[in-house]
Amino acid sequence: MSRKPVPAQSGDRSRTEVVFDKPQLMAQLFGEFDQNLLLLESRLGVYITARGNRVGLEGRAEAVAEARDVLQGLYNRIVRGERVDPGLIDAVIAMSAEPTLAGIIQADAGGAPQIMIRTRKKTIVPRTIAQQHYMRELLNHDIIFALGPAGTGKTYIAVAQAVAQLITGSVQRLILSRPAVEAGEKLGFLPGDMKEKVDPYLRPLYDALNDCLPAEQVERRIASGEIEIAPIAFMRGRTLADAFIILDEAQNTTPAQMKMFLTRFGENSRMVVCGDPKQTDLPGGMNASGLNDAVGRLEGVDGLSICRFGAGDVVRHPIVGRIVEAYEGVDA
């Protein structure tokens, strides 16, 4: 990849070269037809030339320094076995704007991330500063509220941590729940037994489980009761001990349901409550969201942590983050 740089209109220009010690990884770093480098050019406003394991950067001094850090961060992730895609590139660029990126780069230099979650099928590492904080809180607090828009990894990371703790024996079972509330549409009568009726509402939890465990293990553990996936109504009257408990789409609970769920907490358990306070699907006439009510009452309670995500933490297609920002602007 080699193109003549276009002179900058203003500001100090800088040139630097980054040399990587594993030439065999350059194809992954650069991407097919250098698409990863082209994306970096468009995102950061720098010009990149690549020859072998040497990458030249030219542009404004600040942009060149940022591009160098982002390239190093991507390279370190490839060394760990991660696959570079546009979502990861955007996530690392977003992290580069944080003052803690230098510490992350230094920690990555030895080939090991600061924090990770290992499951049977994959190893999950944080893609944003908020995810990094969230993964730490999952280790250090009994009850964690994860608040933010879709696509920020709230439920996925919680399920991965739950699976990891089940595998290591830290907990004896996983309990995954969510309200059976339709997202703004009436589905009418659903055929089948109770499981068949509620499974469509719980499908995102199944998807996350199947991404962390082989399908046969998921089925076997569900059959044995090690993994339970059920609507929140099924939690009433129980005490959930020795368990990792996740409530998804918590914004669709009422305050009474949320209080009922939180008070199920038992010995040697961990509970994660995930939801987007701005996306409530409760039918008209029902009480205010139980998620908003709980956060207002419980913030600052010892042993409880609240992790907040924003549009910049979306790790799906980059356009999802822009859509979230547009809708948040309307709400504001």
Side-chain angles (χ1 to χ4, degrees), residues 1-116 122-132 311-322 325:
M1 175 178 177
S2 180
R3 296 187 305 285
K4 185 176 180 179
V6 178
Q9 297 299 315
S10 62
D12 296 335
R13 292 188 66 78
S14 174
R15 291 184 182 182
T16 192
E17 184 178 72
V18 186
V19 181
F20 299 98
D21 57 4
K22 296 182 184 293
Q24 67 273 23
L25 299 182
M26 294 302 97
Q28 297 178 60
L29 180 62
F30 298 165
E32 187 176 10
F33 304 116
D34 295 325
Q35 63 182 6
N36 295 341
L37 300 184
L38 291 169
L39 181 59
L40 280 175
E41 283 188 330
S42 67
R43 293 284 195 269
L44 300 177
V46 296
Y47 297 94
I48 302 176
T49 57
R51 295 183 183 278
N53 64 330
R54 296 175 178 271
V55 178
L57 304 170
E58 182 175 352
R60 291 182 301 104
E62 297 85 352
V64 166
E66 184 177 7
R68 181 195 61 222
D69 287 346
V70 169
L71 276 171
Q72 187 63 58
L74 292 170
Y75 176 76
N76 291 336
R77 288 170 180 260
I78 292 170
V79 170
R80 298 200 300 262
E82 291 188 63
R83 183 176 64 86
V84 173
D85 56 30
L88 178 60
I89 293 172
D90 281 325
V92 175
I93 290 173
M95 292 176 75
S96 73
E98 298 286 344
T100 54
L101 178 68
I104 295 170
I105 296 286
Q106 292 169 7
D108 283 351
Q114 291 180 304
I115 189 168
M116 66 176 68
K122 60 170 58 177
T123 297
I124 293 94
V125 296
R127 286 191 168 195
T128 69
I129 295 294
Q131 285 191 356
Q132 188 179 56
D313 299 305
V314 173
V315 292
R316 293 179 183 169
H317 192 285
I319 197 172
V320 176
R322 296 194 288 273
E325 286 179 339

Verdict with reasoning, V19 to N53, per side chain to side chain contact (heavy atoms under 4.5 Å, CB included): CA-CA 6 Å; V19 181; N53 64 330; 3.8 Å; yes

Taking atom [atom1] of [X] and atom [atom2] of [Y], what is their separation to the nearest 0.5 Å?
X   : Y   : atom1 : atom2 : value
T49 : E17 : OG1   : CD    : 7.5 Å
L74 : L25 : CG    : CG    : 12.5 Å
E41 : E58 : CD    : CD    : 11.0 Å

Validation row: L38, F33 side chains within 4.5 angstrom (heavy atoms): no

Side-chain touch L71/L37, heavy atoms, less than 4.5 angstrom: yes

Write down the atom of [X], the atom of [Y], and the distance for their closest heavy-atom approach.
X    : Y    : answer
R83  : R127 : O-NH2, 4.4 Å
V46  : L40  : CG2-O, 4.3 Å
A130 : D313 : CB-OD1, 3.4 Å
S14  : A61  : CB-CA, 3.6 Å
Q28  : V84  : O-CB, 4.2 Å
L29  : Y75  : CD1-N, 4.0 Å

Counterpart residues, side-chain contact (heavy atoms from CB on, under 4.5 Å), relative to E62 (two or more places apart): R60

side-chain contact (heavy atoms from CB on, under 4.5 Å) partner of V64, chosen from L44, T16, D69: T16

Pair D34-I48, side chain to side chain contact (heavy atoms under 4.5 Å, CB included): steps then yes or no: CA-CA 10 Å; D34 295 325; I48 302 176; over 6 Å; no

Side chain to side chain donor-acceptor pair (under 3.5 Å) involving Q35 - partner list, sequence neighbours excluded: none

ring-ring contact (aromatic ring centres under 6.0 Å, His included) involving F30 - partner list, sequence neighbours excluded: none

